[in-house]
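Okay, structure first, notes after.
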Amino acid sequence: MKRLIFNEDHEMFRDSVRRFMLAEAEPHRERWRQEGKCDKEVFLKAGEQGLLCMWAGEAYGGMGIEDFRFEQIVIEETMRNGDAGLFLTLHSRLVGPYIGHLGSEALKQRLMPRMISGETILGIAMTEPGAGSDLAGIKSRAEQDGDDWILNGSKTYISNGINGGAFVVAARTVPDKPHGIGLFVVEEGMEGFERGRNLAKMGLKSQDTAELFFENVRVPAENVLGDAQKGFYNLMHFLAEERLISACQEIAHAQAAFDITLDYILERKAFGRPIGAFQNSRFKMAEMRADLDVLQTFIDQCVLLHNAGELSADLAAEAKLNASELENRVMDECVQLHGGAGYMSEYRISHMFTDARVSRIYAGSSEIMKEIIGRSIGLDERKLLSGG
Ligand SMILES: Cc1cc2nc3c(=O)[nH]c(=O)nc-3n(C[C@H](O)[C@H](O)[C@H](O)COP(=O)(O)OP(=O)(O)OC[C@H]3O[C@@H](n4cnc5c(N)ncnc54)[C@H](O)[C@@H]3O)c2cc1C
């Protein structure tokens, strides 16, 4: 279906990002998967090409492009022609804005040029061994010592955890208040900060997902993001965009799987005819085409709302819920249409299938998305049961 949200500038940009992905990511995909992480150099090359932190102001060496459609294009081309484990957008738009919008001037002067160039790769550390969906349950803590803060605790499942040079870390600052959380930037080389294992995973093999440990890490005042007791609300604010990013990734991934499968079933024959000539294949592909077009239109509309500053948390949750569920259904059908080849590692669809499984879990699970949507329509369990 023709998409109406892009103009000529976007299309030219898409061409250049596609060429970038085909030259700098696609040829390395398999090696990255074997090595358990992407090369750091691909971030430097993306930086040279102007693909990182495009929103950053010119004062810091950025381009000041707030239009989310440009990031949407980076996301779509990464999923189609790069690799799902290459987390450029996590760096640029999921973590970068915390520093850009909440960071002290000294921190921004020091870090933003390096974020834009790709010299410093970013990650965000919220999840802990004992707290994932329930962010208010985190145990890592930060205590003030003069102007500095002393950070203790551990985090797990942290994306870009091995390659990352700076992490936004959530830690409890008010012991008896569930939402009393602060956000701190911890940088490579700070005493007491250590990385754990690069965790072995079912999919996203080229993405480095790691544990992080903090033992009496002294975080200077300039590395505190915003009010050290209001980090929870800042996290909530940025999570709507995180969910839109996920939705854009998931639908693009599903679109790519659909195209790969269409080629395959036109080529591969059984019982003397292409697989695509069976009614079942035609109907499965037709259902997927229809579902993808409908959802893409909804997500594109969310992107425009986001550009206008009007994307609500519940709409972002609807986009993420639908996209991750559809992505997983599409991957399953596409593997099925590939037959045994779909189960073989030499076929890209087999990786796409395992890469997709996490979409319904991270960046807020499908169940949490349903809670957010449920609350927005007046079905908030907490209020209903307390009579409020
Ligand atoms: C590959 C990968 C990368 C990740 N990257 C990052 C990262 O960069 N930074 C980061 O901070 N975290 C990251 N995470 C962590 C991720 O965000 C969490 O795994 C996710 O939020 C779920 O938390 P959990 O694993 O603790 O599951 P749990 O919270 O233990 O949930 C277990 C199950 O219970 C369900 N559940 C929980 N609460 C409710 C409820 N109220 N109602 C109904 N069902 C519920 C969940 O939906 C899930 O199905 C990553 C995870 C993975 C797998």
Side-chain angles (χ1 to χ4, degrees), residues 32-33 36-38 83-98 121-140 153-172 178 181 183-186 195-214 225 231-232 234-236 238-239 241-243 245-246 249-250 253 317 320-321 324-325 327-328 351 354-375 379-385:
W32 289 347
R33 259 200 294 273
K37 60 183 178 62
C38 302
D83 188 75
L86 174 57
F87 277 15
L88 297 180
T89 295
L90 178 122
H91 163 92
S92 291
R93 268 228 57 154
L94 216 134
V95 192
Y98 284 94
I121 298 172
L122 304 175
I124 184 157
M126 297 183 273
T127 305
E128 300 185 352
S133 305
D134 180 16
L135 258 186
I138 63 170
K139 297 259 185 311
S140 293
S154 66
K155 299 286 177 181
T156 194
Y157 307 155
I158 306 308
S159 303
N160 290 346
I162 300 294
N163 280 339
F167 296 90
V168 172
V169 180
R172 181 161 302 291
I181 284 171
L183 300 176
F184 303 88
V185 176
V186 173
R195 297 168 217 266
R197 295 168 293 152
N198 188 0
L199 299 164
K201 303 188 292 299
M202 173 199 289
L204 288 182
K205 302 267 190 202
S206 63
Q207 167 53 219
D208 45 321
T209 311
E211 301 166 308
L212 304 179
F213 301 103
F214 311 96
L225 298 175
F232 191 84
N234 288 324
L235 284 171
M236 293 302 118
F238 286 106
L239 284 180
E241 174 160 319
E242 176 173 342
R243 280 151 195 169
I245 289 168
S246 293
Q249 285 169 336
E250 289 147 8
H253 203 210
K320 204 252 166 190
L321 172 66
S324 59
E325 297 287 335
E327 177 196 22
N328 273 259
H351 304 293
T354 48
D355 290 350
R357 186 59 187 86
V358 75
S359 302
R360 289 157 59 204
I361 297 171
Y362 69 4
S365 67
S366 287
E367 293 73 29
I368 297 299
M369 295 304 101
K370 289 178 195 174
E371 283 294 355
I372 294 169
I373 301 162
R375 281 173 206 159
L379 299 176
D380 187 335
E381 186 185 25
R382 299 163 305 183
K383 287 189 186 153
L384 291 174
L385 295 184

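Whatever order the structure lists them in is the order used to number ligands and atoms, beginning at 1. All figures in this text were calculated on a predicted structure; none of them were measured in a lab.
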What's the spacing between [X] [atom1] and [Y] [atom2] if we round to 0.5 Å?
| X | Y | atom1 | atom2 | value |
| --- | --- | --- | --- | --- |
| I124 | L94 | CD1 | CG | 6.5 Å |
| I245 | L239 | CD1 | CG | 10.5 Å |
| R360 | S365 | CZ | OG | 10.0 Å |
| L321 | R243 | CG | CZ | 11.5 Å |
| E241 | R93 | CD | CZ | 4.0 Å |

Open item on the list: If the cut-off is 4.0 Å to any non-hydrogen atom of S365, which atoms of ligand 1 fall inside it?
Closed with: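 In order of number, 46 (C), 47 (O).
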
Starting from [atom], which protein heavy atom do you reach first, and at what distance in Å?
| atom | answer |
| --- | --- |
| atom 20 (C) of ligand 1 | I361 O, 3.6 Å |
| atom 39 (C) of ligand 1 | I368 CD1, 3.9 Å |
| atom 42 (N) of ligand 1 | E371 OE2, 4.1 Å |
| atom 24 (P) of ligand 1 | G132 CA, 3.9 Å |
| atom 2 (C) of ligand 1 | Y362 CD2, 3.6 Å |

Give a yes or no on whether the backbone of [Y] and the side-chain of [X] come within a donor-acceptor separation of less than 3.5 Å.
| X | Y | answer |
| --- | --- | --- |
| N163 | C38 | yes |
| N160 | G123 | no |
| K37 | N198 | no |

Open item on the list: For a side-chain hydrogen bond (donor to acceptor under 3.5 Å, both in side chains) check, start with the C-alpha distance between E211 and S154, then their side-chain angles and the critical distance, and finish with the verdict.
Closed with: CA-CA 7 Å; E211 301 166 308; S154 66; over 6 Å; no

Open item on the list: Suppose the criterion is salt bridge (charged side-chain N to carboxylate O under 4.0 Å, His left out): which pairs have a residue in residues 126-137, not counting sequence neighbours?
Closed with: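 For residues 126-137, and leaving out neighbouring residues, the salt bridge (charged side-chain N to carboxylate O under 4.0 Å, His left out) pairs sorted by first residue read E128-K155.
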
Open item on the list: With a 4.5 Å cut-off on side-chain heavy atoms, are V95 and F167 touching?
Closed with: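 The answer is no; the side chains never approach within 4.5 Å.
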
Open item on the list: Counting C-beta onward and ignoring hydrogens, is there a side-chain heavy-atom pair between Y362 and L204 closer than 4.5 Å?
Closed with: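 Yes, their side chains come closer than 4.5 Å.
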
N or O contact, [X] vs ligand 1, cut-off under 3.5 Å:
| X | answer |
| --- | --- |
| I158 | no |
| K201 | no |
| S159 | yes |
| S133 | yes |
| E367 | yes |
| Y157 | yes |
| I124 | yes |

Under 4.0 angstrom from [atom], is there any protein heavy atom?
| atom | value |
| --- | --- |
| atom 33 (C) of ligand 1 | no |
| atom 53 (C) of ligand 1 | yes |
| atom 4 (C) of ligand 1 | yes |
| atom 30 (O) of ligand 1 | no |

Open item on the list: Measuring from atom 16 (C) of ligand 1, which candidate in T127, L122, V168 has the nearest non-hydrogen atom?
Closed with: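 The nearest heavy atom belongs to T127.
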
- [ ] Mind checking whether V358 contacts ligand 1 via backbone (N, CA, C, O), side chain (CB onward), both or neither, at a 4.0 Å heavy-atom cut-off?
- [x]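 Only the side chain of V358 comes within reach of ligand 1.
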
